[in-house]
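Below, each value reflects all heavy atoms present in this structure, side chains not excepted, and no hydrogens, waters or symmetry copies. Throughout, protein chains are lettered first and strands after them, A, B, ... in sequence-line order, and every chain is numbered starting at 1. Just so it is clear, the structure is predicted and the values come from calculations on it, not from any experiment.
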2 protein chains.
Amino acid sequence: MATIDDVARAAGVSASTVSYVLSGKRKISGPTRSRVEQAIAELGYRPHAGARALASSRTNVIALMAPLRVGVDVHVIMQFVAGVVTRARDFDHDVLLLTQDDLGGLDRVTSGSMVDALVMMDVEAVDPRVPLLASQRQPAVLIGLPQDPAGLSCVDLDFEAAGRLAVRHLFAAGHRDIALVGSPPQVLDRHTSYAERLLRGFRTQAEASGMSAVVEPCEPTPAGAYRAVDTLLEQAPQTTALVVHNESALPHVLSRLSRHGRRIPDDLAVVAVCPTDVALAQAVPMTSIDLPAEAIGRLAIDMVMARLAGDQPAETRLLAPVLTERASSRVTAP
Amino acid sequence: MATIDDVARAAGVSASTVSYVLSGKRKISGPTRSRVEQAIAELGYRPHAGARALASSRTNVIALMAPLRVGVDVHVIMQFVAGVVTRARDFDHDVLLLTQDDLGGLDRVTSGSMVDALVMMDVEAVDPRVPLLASQRQPAVLIGLPQDPAGLSCVDLDFEAAGRLAVRHLFAAGHRDIALVGSPPQVLDRHTSYAERLLRGFRTQAEASGMSAVVEPCEPTPAGAYRAVDTLLEQAPQTTALVVHNESALPHVLSRLSRHGRRIPDDLAVVAVCPTDVALAQAVPMTSIDLPAEAIGRLAIDMVMARLAGDQPAETRLLAPVLTERASSRVTAP
DNA sequence: CGGCTCCGTCGAAGCGTTTCAACAAGGTAG
DNA sequence: CTACCTTGTTGAAACGCTTCGACGGAGCCG
């Protein structure tokens, strides 16, 4: 491998000049610059990442901690990750992937100076990783909203507003008896913050609008979805609209409803909270509140970079929910 | 941050001794070792990854190139990734995530000495990345099977055998008219190697067994699945069994069949090729040939490590398919 | 024409490890 | 008692880059 000295020699300059051409931190004259650039091209030179990290205390790598256990919301996770990785590349950074359960990984990549910053997905309301993260010198951005951000930046969809929005939409369409098919019980038990926030928004808005609202947690399996639907139709048969916040259960909820002879949207309107592509991949195109996972991932990187660049303080950004009406809640005949 | 010199001072030894304690490359006496270990613990010392990489030309990082575009086979991808990351940790390595389309990324991480080796997913029959990879000095393992591995290691499910196995299973159950609901046309067009291999196995075994076999590519959308099913039932109404190799379309294929009044397995037997958890997440538990993505990911790391450790030559490993019978192809009444 | 400023380039000092050759100290053999 | 291994430890030289202070030369002003 060619080193910076090889390049310097080939270009007839000193190593530091090559470094400055590469970093742009000092002005280099046109002719010199092009000699250096040519030498770089000819030798196929790439700076050694380790050497660079050692000298500059910058690795140009971001750690991303993602929940890789399969099960819930694979699409959402993939889109987050895609957003993070591609946006990081825009800033000339790479992404080191950590699994959610690798608690030690935080300290490892951080104290070992492997990364410049961290992005952590799927933060729970009370999350042991948050204090850990807060004590590191690298900046971090949380995707999600813990009870106490401990001085870290956060970004997420405003799930509480999403819950309210879904309810308002159904209210406007004339519904007065609604239900929420929600996250799996164990997700709620973990106090995953998004599940609770959506639930809160759903409840408060329904109450404010004087609607009757029931809530049914739902396992992300066919059987779980069937059970939830069956329970719902039995205990609240007057229900005319559903909010579904459970990506994996969604198709099974729909098929169970159709098995019960409930037509969508004629007998029952449905609003889903999920990525747009999931909403469109259902038997009936779903009215949905988009979970803009890729955009959030990108935004997380923007926030990380802002903190790396300057003296930005930590900030929390909640994205306003957007509802797109599709066939599943369209008012069909007047 | 504490450095190795701090530790050395605290333990009353030289820096090299600390290094040797850490690496175990030389014998260190018991007392010395424990003094050093205690100093490390007290100072919370972590070696600086960059410095280490510079001095040893080893980063303990593996690059993983994964297709992050959402669409096909999200589950499969996630499981691969999970397998790779967790297994890499067993070898004290971390994973740097590259996107499929980041062609330049190969050269960047490789020439920049950011990683010790690479794992590349979703390799196509003729893949521009393969020659690129082959020209780097870091070892690489491909998940998939290109026409010309160019001296790289490969690992994958033996899709051709899987195709044959599915057909043999159906033959044994008495079926003589079968069909394959396959990958999306654009996947076949890309000559994604697994799609073609499964197809080949399916065709040759059907021919060998004297069965009539039709093939229908299928978009990974509800509409695509409906279209495929409709076409199939119209053009080959005598079909009594289906092989489905298309994770995203699977639920829609099933629901369309039921819409057409075909009951599973009584009117139509179905064998799916997909991860077990996907097979179990359908309305009817599917007889399936498992796509052991996580295991393949782990295996890829084992192979990478073998090559890093020694002088193992490149090898190709195809995993034998395993079929698990479930409700969707069970012979119900005699 | 002397003194200043500004511009572009350079030399050298780190950055924190690993690793090799060398070296004391103690043990064994002759 | 000397010569020679062994064993455990050390010092110093890389590894390849960034960055700071310095420096020579050109241009400007008075």
Check: Can you list the steps and then say if A:Leu118 with A:Met120 is a side-chain contact (heavy atoms from CB on, under 4.5 Å)?
Finding: CA-CA 6 Å; A:Leu118 296 99; A:Met120 202 170 83; 5.9 Å; no
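The main-chain N or O of A:Thr3 is found under 3.5 Å from a side-chain atom of A:Asp6 such that the two form a donor-acceptor pair. Within the 3.5 Å criterion, the main-chain N or O of A:Ala49 finds no donor-acceptor partner in the side chain of B:Ser113. Side-chain atoms of B:Thr59 do not come within 3.5 Å of backbone N or O of B:Ala53 as any donor-acceptor pair.
Residue A:Met303 is tested with A:Val155, A:Thr316, A:Val119, A:Leu142 for a side-chain contact (heavy atoms from CB on, under 4.5 Å); the sole match is A:Val155.
One finds no salt bridge joining A:Asp156 and A:Arg317 here, because no Lys/Arg side-chain nitrogen approaches an Asp/Glu carboxylate oxygen to under 4.0 Å.
The interatomic distance linking A:Asp6 (CG) with D:dC15 (C1') rounds to 13 Å, in whole Å. Taking atom CZ of residue A:Arg33 and atom P of nucleotide C:dG8, one finds them 10 Å apart after rounding to whole Å. Atoms CG (A:Leu43) and P (D:dG16) sit 14 Å apart, rounded to a whole Å. Going from atom CE of B:Met114 over to atom C1' of D:dC15 covers 17 Å, rounded to whole Å.
Axis angle across the helix from C:dC1-D:dG30 to C:dG30-D:dC1, with five pairs used at each end and values rounded to 10°: 50°.
Among residues two or more places apart in sequence or in another chain, the side-chain hydrogen bond (donor to acceptor under 3.5 Å, both in side chains) test is passed with A:Arg87 by A:Asp90, A:Asp302.
Between B:Leu22 and B:Ile40, some side-chain heavy-atom pair lies under the 4.5 Å cut-off.
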Next item on the list: At under 4.0 Å between heavy atoms, which parts of nucleotides 10-22 of chain C does protein reach? Answer with one letter per nucleotide, 5' to 3': B base, S sugar-phosphate only, - none.
Entry: BB--BBBBBBBBB
